[in-house]
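Structure, as structure tokens:
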Amino acid sequence: MNEERPSTVLYEVADRKAYLTLNRPDRLNAIDFHMPGDLAAAVKRANTDPRVHVIVLRGAGRAFCSGYDLKISAEDGQGTQGSGDGDPVWDPIKDYAVMKEFTDDYFSLWRSLKPTIAQVHGFAVAGGSDIALSCDLVVMAEDARIGYMPARVWGCPTTAMWVYRLGAERAKRMLLTGDTIDGRTAAEWGLVLEAVPADGLQARVEELADRMAGVPVNQLAMQKLMINQAYDNMGLHGTQILATLFDGITRHSPEGRWFQEFAAAHGFHEAVKWRDSGRWIPEGGGPVPTEEELRGEAP
């Protein structure tokens, strides 16, 4: 008899609050193929749990979430249609179906009738930023980092929440550079609700959650539905469709294939190091850098 797979998201309830904990601490809570569905299932459970008024999302270990666990996909071409030798031609609709399901799973936090608060420490980067920014409120440690580095190559944030939270200019500032910012800057810019010293993060989230927990569930739901409707009126769903299609294209563009070939040749860590350093990413692909170039020579 097969044992049931342990969930990547822990669930517990106390004092009208459901605590959802991303639980892959050995990988900095990197997203595997199970985590999006586990997260959506936990949100659904909290919404049907009569004990719960507020949902708090956090990460086990040293980080909130370090993004997709892409080491295998990037180095071996697995999980990315058409990236590896002998793979079938990339099917953009199959790619879209998978990534849209993941996006909808993250956005269960936004669609939840009960309010959601992200408690961010360490990192909420790449796909991890999609998860955090899908929550109603985000509270960060001042020294935590948030950003979407794959905007430089091999990614597009499928939830599209950067523009809806920051506005066009600052969203462009982040997504045209792939930079990360700390909690203080994220709060100053309005990307997140506030930033607090790391040792006070849990207490501040508890304070906010307790304040909401005294409100009747139906009142919480109606306020959320009204506010979310304004974003729907601005075309949020259509923007997410476009972003999810673009995400697949970025992984199969000439530059995206170059990045995967780089990772296959030198390892995902080295590919990410090159990407995030600001070094030139050759348009139209091109030869993968040599060992000498990795040691610091110009490409």
Side-chain angles (χ1 to χ4, degrees), residues 6-25 29 31 34-61 63-65 101-124 127-141 144 146 159 161 164-165 183 186 191-196 200-229 231-232 236 240:
S7 177
T8 61
V9 180
L10 304 180
Y11 183 93
E12 56 184 304
V13 176
D15 301 324
R16 294 187 174 187
K17 294 164 287 186
Y19 296 91
L20 279 51
T21 305
L22 306 178
N23 192 39
R24 299 188 72 223
N29 299 317
I31 303 162
H34 299 297
M35 185 178 284
D38 288 348
L39 177 60
V43 173
K44 182 178 180 180
R45 180 178 177 183
N47 271 268
T48 58
D49 190 334
R51 301 172 296 168
V52 174
H53 284 223
V54 182
I55 300 167
V56 175
L57 179 64
R58 57 195 182 183
F64 177 82
C65 180
E101 183 174 1
F102 287 171
T103 303
D104 290 344
D105 287 341
Y106 305 149
F107 231 55
S108 65
L109 293 157
W110 182 264
R111 301 297 182 197
S112 164
L113 293 177
K114 298 177 180 180
T116 57
I117 305 173
Q119 177 179 311
V120 174
H121 74 292
F123 298 93
S129 68
D130 277 317
I131 294 176
L133 297 179
S134 293
C135 290
D136 299 312
L137 304 178
V138 183
V139 181
M140 290 182 66
I146 190 167
T159 62
M161 288 304 289
Y164 285 94
R165 285 180 175 269
L191 179 67
V192 304
L193 178 66
E194 59 187 273
V196 298
L201 177 62
Q202 182 175 345
R204 179 55 181 147
V205 170
E206 289 295 313
E207 183 182 8
L208 281 169
D210 285 339
R211 180 67 175 161
M212 295 179 196
V215 178
V217 171
N218 60 1
Q219 285 292 122
L220 294 170
M222 286 185 284
Q223 307 310 326
K224 272 201 64 169
L225 288 168
M226 180 271 294
I227 296 168
N228 286 4
Q229 184 59 47
Y231 279 64
D232 288 337
L236 174 58
Q240 288 183 345

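Residue indices begin at 1 and follow the sequence shown. These values consider heavy atoms only, across backbone and side chains, with no hydrogens, waters or symmetry-generated copies.
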Extract all donor-acceptor atom pairs below 3.5 Å that involve side chains of residues 211-222 and protein atoms in other chains or at least two apart in sequence.
none

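Of the possible polar contacts, one joining the Asn228 side chain to the Trp110 backbone as a donor-acceptor pair under 3.5 Å is found. The backbone N or O of Ser108 sits nowhere less than 3.5 Å from a side-chain atom of Ser112 that would complete a donor-acceptor pair. Using a distance-only test at 3.5 Å, with no hydrogens or angles considered, no donor-acceptor pair links the side chain of His121 to the main chain of Ala60. Between the Asn29 side chain and the Arg24 main chain, a donor and an acceptor come within less than 3.5 Å of each other. With Tyr164 contributing its side chain and Leu236 its backbone, the two residues share a donor-acceptor pair below 3.5 Å.
Residue pairs meeting the salt bridge (charged side-chain N to carboxylate O under 4.0 Å, His left out) criterion with at least one partner in residues 212-223, sequence neighbours excluded, are absent. For the salt bridge (charged side-chain N to carboxylate O under 4.0 Å, His left out) condition, the pairs that include at least one residue of residues 34-47, sequence neighbours left out, are Arg5-Asp38. Residue pairs meeting the side-chain hydrogen bond (donor to acceptor under 3.5 Å, both in side chains) criterion with at least one partner in residues 51-60, sequence neighbours excluded, are Glu12-Arg58, Thr21-Arg58, Asp49-Arg51.
Of all non-hydrogen atoms in Cys65 and Leu22, the two that sit nearest each other are CB-CD1, 4.0 Å. Closest non-hydrogen pair, Leu208 versus Leu193, comes out as CD1-CD2, 3.7 Å. Residues Arg165 and Val138 approach most closely at NH2-CG2, 4.0 Å, considering heavy atoms. The two atoms that bring Ala132 and Val120 nearest to each other are CB-CG2, 4.1 Å, heavy atoms only. The shortest heavy-atom contact between Val54 and Ala209 is CG2-O, 3.7 Å. The two residues Ala124 and Phe64 make their nearest non-hydrogen contact at CB-CD2, 3.8 Å.
In this view, Ala63 and Leu28, Phe123 satisfy the side-chain contact (heavy atoms from CB on, under 4.5 Å) rule, not counting sequence neighbours. Partners of Arg16 according to the salt bridge (Lys or Arg N to Asp or Glu O under 4.0 Å) rule, which considers only residues two or more places apart in sequence or in another chain, do not exist here. For the side chain to side chain donor-acceptor pair (under 3.5 Å) test, no residue two or more places apart in sequence or in another chain qualifies with Asp105. Annotation: side-chain contact (heavy atoms from CB on, under 4.5 Å) contacts of Ala141 (sequence neighbours excluded): Asp143, Ala144, Ala198, Leu201. Checked against salt bridge (Lys or Arg N to Asp or Glu O under 4.0 Å), Lys224 has the following partners two or more places apart in sequence or in another chain: Asp136. When the salt bridge (Lys or Arg N to Asp or Glu O under 4.0 Å) test is applied to Asp232, the partners found at least two apart in sequence or on another chain are Arg111. For Glu194, the salt bridge (Lys or Arg N to Asp or Glu O under 4.0 Å) test picks out Arg204, with sequence neighbours left out. By the side-chain contact (heavy atoms from CB on, under 4.5 Å) test, Ala46 is found to be paired with Tyr11, Ala18, Val52, Ile55, residues two or more places apart in sequence or in another chain being considered.
The side-chain heavy atoms of Gln119 and Val139, taken from C-beta on, include no pair separated by under 4.5 Å. In this structure, Met161 and Phe107 have side chains that are in contact, with non-hydrogen atoms separated by less than 4.5 Å. With a 4.5 Å cut-off on side-chain heavy atoms, Ser7 and Asn23 do not count as touching. Between Asp210 and Lys17, the closest side-chain pair of non-hydrogen atoms falls below 4.5 Å. Within the 4.5 Å cutoff, the side chain of Ile146 has heavy atoms near those of the Leu133 side chain.
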| After noting the C-alpha distance and the side-chain angles of Leu20 and Val43, does the key distance pass the side-chain contact (heavy atoms from CB on, under 4.5 Å) rule? | CA-CA 8 Å; Leu20 279 51; Val43 173; 3.8 Å; yes
| field | Derivation of the side-chain contact (heavy atoms from CB on, under 4.5 Å) call for Ile31 and Asp130 | value | CA-CA 11 Å; Ile31 303 162; Asp130 277 317; over 6 Å; no
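In this structure, Thr116 OG1 and Leu137 CG are separated by 7.0 Å, a value rounded to the nearest 0.5 Å. For the atom pair Thr159 OG1 and Phe102 CZ, the distance stands at 14.5 Å (nearest 0.5 Å).
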